[in-house]
Amino acid sequence: MKLKKYVALAMGIALCGSFCRVQGEILGFDKVETKEDTLAERNLLKTHSPHVINYKSRLDSLQKQVQLTHNPFVQSFIDVYTSPRYRNHLAKVSGLANYYFPLFEKVFAELNFPDEIKYLSVVESALNPQAVSRVGATGPWQFMFATAKVYNLQMDNYIDERKDPVAATYAAAAYMQEAYNEFGDWLLAIASYNCGKGNVYRAIQRSGLEKPDFWDIRQYLPGETRNYVPSFIAMTYAMNHLEELGIEPLDPGFGPSPEIISVQRQISLSSIARAIQVDVDLLANMNPSYKRKIVNGSVESPKRLIVPAVDKSAYADLYAVLNSDEPSAKETMEFQLASTAENKRVYHKVKKGESLAKIANLYQVEVQDLKVWNSLKNNTVLPGQSIAVNQVQEAPLTSKKGSANSMLSYKVKKGDTLSGIASKHKGLTVNKLKALNNLKGNAISEGMSLKLN
């Protein structure tokens with residue numbers, strides 16, 4: 001029981017503060033209601049104006065499994081989300097929703113999970129898989145490192161599944177399903193996704209009620225969570241009334257009907273992009289979890305890959321590249337570049353206003369890694385503080401087109417020496433470098449291309 005309690009507390013801390021990362025910065029709401037505010041707003045409900053009844057009936061028509069309550073708290077967010085200053089944001093996220101929501105819906109349908117909770121991802125990240133909060137929460141569902149590990153999301157040098165729109169959706173659904181099983185109320189489950197189950201349990205205890213709903217314990221929850229659930233309900237309303245608001249979704253450029261395929265070998269995104277004749281950057285944007293643009297799949301541990309709808313004529317090439325036993329010369333080089341990557345320690349001086357998450361995002365590393373490298377017990381950093389960062393440096397090799405024995409070359413950078421270049425490549429000496437490149441002395445210049453084998 002103690003272990004369960006500590007795990008719940010840890011996940012509560014990890015998830016707490018997820019809201020307002022996107023919405024709070026845009027809207028700037030930070031008001032914490034008092035009991036007097038709550039009483040006044042509840043009294044307002046008793047007026048039953050036509051305006052209130054209209055929105056209530058509309059929310060009632062959208063309701064499925066999750067209770068979409070209408071009250072002044074929700075109405076305040078509806079007023080913001082449907083205001084002119086929010087049009088551009090809704091146009092952007094609704095365009096992304098046309099791509100991401102079908103992926104979420106497949107997961108939710110498989111798990112028999114409430115479909116309408118997909119709108120929570122808009123509140124969490126504005127559907128940006130690269131979103132990183134000030135405390136390090138990452139991806140479309142904003143998972144912290146520790147919580148992601150609990151829900152079996154993989155994070156290593158090749159992949160960060162918190163950014164995977166499918167894997168992260170399975171994890172988010174698993175968390176909220178567990179919370180619903182404990183609380184018996186979807187709005188309380190959603191609240192716990194923001195502040196943690198521990199905070200919800202404490203709010204229930206403070207209320208003195210046996211089986212309260214979210215609105216019964218709202219005043220006892222953290223200030224951020226009090227706004228989180230009303231924001232979700234209001235976003236559900238807004239996303240279902242785009243046409244009435246005159247909002248045209250912006251095309252994110254991913255194309256219609258993406259397909260999910262299973263990859264059972266190591267293969268680069270560029271090889272797949274060539275096979276289906278799409279730009280590799282498009283494929284990388286559709287699969288943001290692959291850090292080095294390499295899918296490290298295997299028969300024992302296949303990896304998921306999202307590809308745009310392609311012409312049937314490309315299926316044969318796609319099948320061939322996915323089932324090839326031998327990588328091409330170009331692909332071999334890409335794997336070599338990734339596998340020979342070196343760690344280089346640099347030091348970042350914290351500037352005013354910077355957070356640990358911002359620094360991690362700048363260097364494309366994890367907040368958890370920064371804490372380990374710097375023996376930090378929490379996420380607090382101070383201006384002027386020196387933060388150590390272990391950067392992954394790709395080996396600066398290039399391959400000229402040809403056979404598997406293609407000549408390797410190196411482009412000289414500022415400060416390079418022959419001895420320094422030779423030391424980075426096994427079996428290479430200064431004399432060999434000079435012989436391969438017909439050099440009489442040791443002088444080299446920036447931008448020069450040197451043969452290596």
Is a side-chain N or O of [X] found less than 3.5 angstrom from the main chain of [Y], in a donor-acceptor match?
{"X": "Arg85", "Y": "Val80", "result": "no"}
{"X": "Glu161", "Y": "Ser289", "result": "no"}
{"X": "Glu354", "Y": "Lys351", "result": "yes"}
{"X": "Ser125", "Y": "Pro140", "result": "yes"}
{"X": "Arg265", "Y": "Val321", "result": "yes"}

His241 vs Thr82, side chain to side chain contact (heavy atoms under 4.5 Å, CB included): CA-CA, chis, key distance, verdict: CA-CA 9 Å; His241 289 86; Thr82 58; over 6 Å; no
Would Tyr347 and Trp373 count as a ring-ring contact (aromatic ring centres under 6.0 Å, His included) here? Give the steps. CA-CA 11 Å; Tyr347 291 88; Trp373 297 333; over 10 Å; no
Between Arg304 and Asp164, is there a side-chain N and carboxylate O pair less than 4.0 Å apart? yes
Does the distance from a Lys or Arg side-chain N to an Asp or Glu carboxylate O, for Asp281 and Lys293, drop under 4.0 Å? yes
Can you tell me if [atom1] on [X] sees more than 12 non-hydrogen neighbours from other groups inside 6.0 Å?
{"X": "Asn88", "atom1": "CG", "answer": "no"}
{"X": "Lys358", "atom1": "NZ", "answer": "no"}
{"X": "Asn112", "atom1": "CG", "answer": "no"}
{"X": "Glu243", "atom1": "CD", "answer": "no"}
{"X": "Lys92", "atom1": "NZ", "answer": "no"}

Can you check side chain to side chain contact (heavy atoms under 4.5 Å, CB included) on Met155 and Arg162, steps first, answer last? CA-CA 8 Å; Met155 291 160 289; Arg162 293 178 297 175; 3.4 Å; yes
Residues [X] and [Y]: side-chain donor-acceptor under 3.5 angstrom:
{"X": "Thr225", "Y": "Asn194", "value": "yes"}
{"X": "Thr147", "Y": "Lys149", "value": "no"}
{"X": "Gln75", "Y": "Asp79", "value": "yes"}
{"X": "Trp141", "Y": "Ser121", "value": "no"}

Between Gln385 and Lys349, does the side-chain hydrogen bond (donor to acceptor under 3.5 Å, both in side chains) criterion hold? Intermediate values first, please. CA-CA 6 Å; Gln385 185 175 346; Lys349 191 172 183 179; over 6 Å; no
Proximity of Tyr290 and Tyr158 rings by center, below 6.0 Å: no
Is the centre of the Phe183 ring less than 6.0 Å from the centre of the Tyr201 ring? yes
Report the C-alpha distance between Tyr237 and Arg58 in whole Å, list the side-chain angles of each, state the deciding distance to 0.1 Å, and finish with yes or no for side-chain hydrogen bond (donor to acceptor under 3.5 Å, both in side chains). CA-CA 8 Å; Tyr237 174 89; Arg58 290 183 176 191; 2.7 Å; yes
Where is the tightest heavy-atom contact between Leu370 and Ala388, given as atom of each residue plus distance?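 So the minimum-distance heavy-atom pair works out to CD2-O, 3.8 Å.
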Determine the minimum heavy-atom distance between Leu245 and Ala238, stating which atoms define it. CD1-O, 4.2 Å
Side chain to side chain contact (heavy atoms under 4.5 Å, CB included), that's the test. Do Asn199 and Ser192 meet it? Break it down for me. CA-CA 7 Å; Asn199 276 318; Ser192 75; over 6 Å; no
Among Phe232, Tyr100, Phe101, Phe108, exactly one meets ring-ring contact (aromatic ring centres under 6.0 Å, His included) together with Tyr119. Which residue is that? Phe101
For Ser298 and Ser301, what are the C-alpha separation, side-chain angles and deciding distance, and is it a side-chain hydrogen bond (donor to acceptor under 3.5 Å, both in side chains)? CA-CA 5 Å; Ser298 65; Ser301 180; 4.8 Å; no
Go through it in stages, so that I can follow the logic: the residues are Thr69 and Leu187, the test is side chain to side chain contact (heavy atoms under 4.5 Å, CB included), and I'd like the CA-CA distance, side-chain angles, deciding distance and then a yes or no. CA-CA 10 Å; Thr69 311; Leu187 292 187; 4.2 Å; yes
Parallel, tilted or perpendicular: rings of Tyr99 and Phe254 (30°, 60°): tilted
In terms of the angle between their ring planes, are Tyr151 and Phe143 parallel, tilted or perpendicular, with boundaries placed at 30° and 60°?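 Rings of Tyr151 and Phe143: tilted, 30 to 60°.
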Give the intermediate values and the outcome of side-chain hydrogen bond (donor to acceptor under 3.5 Å, both in side chains) for residues Tyr170 and Glu110. CA-CA 10 Å; Tyr170 275 109; Glu110 177 187 332; 2.5 Å; yes
